[in-house]
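Read through the structure below, which is laid out as structure tokens, and then see the notes.
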Amino acid sequence: MEKKEFLKELDEFIDGLRDKRDDVKILNFVVEKLDAIPKDVQKFIADKTGLMEISIENTINFYPKFRNKVKDKSIREVAVCTGMNCGPAGGQDIYDSLAQILEVDNDGVSKDGKIVLSKKRCFGRCPKGPNVSIDGEIYSYMTLEKVKNRLNLK
Ligand code: FES
């Protein structure tokens, strides 16, 4: 569906609501039609309803069914266990090296904005450490080289 066409439909949908600030109903409508909640659509809703963009964002973050629809799937999430077992077994070194290679900022976002790096205290798989989670999947017995390969880093 064309974005313009969709925004017209959304406009009419909001006009038809008894409570025009019912952001949950509005976001449900968006997800049903687009299977995503793009930023510009969030802005459109804010302009149309008078709701603050931050309040729309809060609603999105509150409901997993909405939250998953704004996640940018091109961004990789890497969490390195630096807990009691994994840390000394190499997890801390993996984390430090990755942070350096990716030039992450204080929020763990890489310089190119494509990877988000974080630390975890324990994945509950201590004997198999170092453990690293990549895009939600946990990999055991990891090394820096293995992580780099999985992320296609040189
Ligand atoms: S310390 Fe890493 S999984 Fe437990």
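Atoms within each ligand, like the ligands themselves, are counted from 1 in listed order.
For ligand 1 and Asn131, the ligand atoms under 4.0 Å from any heavy atom of the residue are 3 (S). Ligand 1 places these atoms under 4.0 Å from at least one heavy atom of Gly124: 3 (S). Counting the atoms of ligand 1 from 1 in the order shown, those under 4.0 Å from a heavy atom of Cys122 are 1 (S), 3 (S), 4 (Fe). Near Arg125, the atoms of ligand 1 lying under 4.0 angstrom from a non-hydrogen atom of the residue are 3 (S).
Cys81 contributes SG and Cys86 contributes SG; the angle these two atoms make at atom 2 (Fe) of ligand 1 is 100°, rounded to 10°.
With hydrogens and angles ignored, the 3.5 Å screen pairs a side-chain donor or acceptor of Lys20 with a backbone N or O of Leu17. For Asn131 (side chain) and Phe123 (main-chain N/O), no donor-acceptor pair under 3.5 Å exists by modelled atom type. Side-chain atoms of Glu77 never come within 3.5 Å of backbone atoms of Gly136 as a donor-acceptor pair (strictly under, hydrogens ignored). Arg76 places no side-chain N or O within 3.5 Å of a backbone atom of Ile115 that could act as its donor or acceptor partner.
Contact between Gly129 and ligand 1 is absent, with no heavy atom of the residue lying under 4.0 Å from the ligand. Contact analysis puts Arg121 in contact with ligand 1, with a non-hydrogen atom separation below 4.0 angstrom.
Considering every non-hydrogen atom in both Ala89 and Pro130, the closest pair reads O-CG, 3.5 Å.
Atom 3 (S) of ligand 1 has its closest protein heavy atom at Phe123 N, 3.2 Å.
A salt bridge links Glu57 with Lys39: the distance from a Lys NZ or Arg NE/NH1/NH2 to an Asp or Glu carboxylate oxygen falls below 4.0 Å.
In summary, Cys126 places no N/O/S atom under 2.8 Å from atom 2 (Fe) of ligand 1, failing the contact criterion.
Side-chain atoms of Leu10 and Ile26, non-hydrogen and from C-beta on, do get closer than 4.5 Å to each other.
Contacts between Asn85 and ligand 1, counted as non-hydrogen atom pairs separated by less than 4.0 Å, involve both the backbone and the side chain.
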